[in-house]
Each structure stands twice: as structure tokens, then as C-alpha cells.
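Reading through the C-alpha cells given below for one structure.
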Amino acid sequence: MSSHLTPTDVTFRLLGGYKGVAAILGQHEKTPIAWKNGSKMRDAGDIPSPRIMRTLLAAAAQRRIALTADHLIYGGSEAEIAALMPAPDSVQVAA
């Protein structure tokens, strides 16, 4: 069974958690946590604005993460997002 992730969950997974997202946006480190709650203007888990979405897309592109606008609007399945996760840096040990 595959679980669906909200747009907020997707960005947290791909861009270093809420602290990584906050750093990209130049916000207080806990600001993105509020996105998990709904408001009058958006549902819980939605990204607050197109400006933020554009910034997140640019940061993902710079990091060569295949994040799309659809992910920022609709979210994605756990399996789909896991496939987009950047590979951990390979550690080279000197012999």
C-alpha cells in the first residue's frame, strides 16, 4: 500500500526537512512547519504561494532533484518521491 504525501511533505523529504526548506526560503527555521495546518486560504499541507513554489523548484533544479510543479500542487506517492531522493554522497576512504 502506498501512502500519498502532501506538497509540504514532498518538499520536506526532498529538500532537507523543514529546516532545509526554511533555509532555501530565508525564513525562520520553523515557519514551514505551519504549512502542515490548513487556513482559510489553503488546505493542510499546501504550499502557501506560487512565489515559494518557484523558489523551491529552482532550488531543486540546482540540486538536480526532479521536483515538478505537479508535486508542489498535488503531492505524490511515497514510492514516487523516494525515487526522486538524491543519492547519498559516496564516501571515499583513502587506502
Side-chain angles (χ1 to χ4, degrees):
M1 181 174 128
S2 181
S3 174
H4 188 80
L5 300 173
T6 67
T8 295
D9 293 331
V10 169
T11 60
F12 287 1
R13 295 238 179 143
L14 295 177
L15 299 172
Y18 67 90
K19 290 181 181 181
V21 170
I24 289 166
L25 299 173
Q27 297 178 338
H28 183 274
E29 72 177 28
K30 293 190 178 180
T31 298
I33 293 174
W35 302 352
K36 290 192 155 280
N37 302 316
S39 71
K40 290 181 184 179
M41 301 301 291
R42 60 176 182 75
D43 292 332
D46 285 352
I47 305 295
S49 76
R51 178 182 289 173
I52 290 173
M53 291 180 196
R54 287 190 297 269
T55 303
L56 295 173
L57 284 171
Q62 182 179 11
R63 297 171 185 195
R64 297 188 177 147
I65 299 170
L67 180 67
T68 67
D70 279 353
H71 293 127
L72 297 180
I73 296 169
Y74 303 109
S77 70
E78 290 226 20
E80 178 185 3
I81 301 310
L84 299 179
M85 294 288 290
D89 293 335
S90 58
V91 178
Q92 296 181 2
V93 179

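Along the sequence shown, the residues carry numbers beginning at 1.
For the pair L72/V10, no side-chain contact is recorded, criterion being any heavy-atom separation below 4.5 Å from C-beta on.
Tracing side-chain contacts under 4.5 Å through hydrophobic residues (I, L, V, M, F, W, Y), one never reaches I47 starting from M41; they form parts of separate clusters.
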Using side-chain contact (heavy atoms from CB on, under 4.5 Å), reason through L15 and R63 one step at a time and then give a plain yes or no. CA-CA 9 Å; L15 299 172; R63 297 171 185 195; 4.1 Å; yes
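Closest heavy-atom contact between P7 and I73: CG-O, 3.6 Å. V21 and T11 make their closest contact through CG2-O, 3.8 Å (heavy atoms, listed as atom of the first residue, atom of the second, distance). Between L67 and A60 the shortest heavy-atom distance is CB-CB, 3.7 Å.
Atom OG1 of T6 and atom CH2 of W35 lie 10.5 Å apart (nearest 0.5 Å). Atoms CD and CG, on E80 and L84 in that order, are 6.0 Å from each other to the nearest 0.5 Å.
Evaluation of the salt bridge (charged side-chain N to carboxylate O under 4.0 Å, His left out) test over residues 40-61, restricted to residues two or more places apart or in two chains, returns none. Annotation: salt bridge (charged side-chain N to carboxylate O under 4.0 Å, His left out) contacts involving residues 66-75, sequence neighbours excluded, are absent. Annotation: salt bridge (charged side-chain N to carboxylate O under 4.0 Å, His left out) contacts involving residues 12-21, sequence neighbours excluded, comprise R13-E78.
Residues meeting the side chain to side chain donor-acceptor pair (under 3.5 Å) test with T68, sequence neighbours left out: H71. Considering only residues two or more places apart in sequence or on other chains, D9 meets the salt bridge (charged side-chain N to carboxylate O under 4.0 Å, His left out) condition with K36.
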Report, one line per pair, each donor and acceptor closer than 3.5 Å where one atom sits in a side chain of residues 22-32; sequence neighbours left out.
residue : atom : partner : partner atom : Å
H28     : ND1  : K30     : N            : 3.1
T31     : OG1  : H28     : O            : 3.3

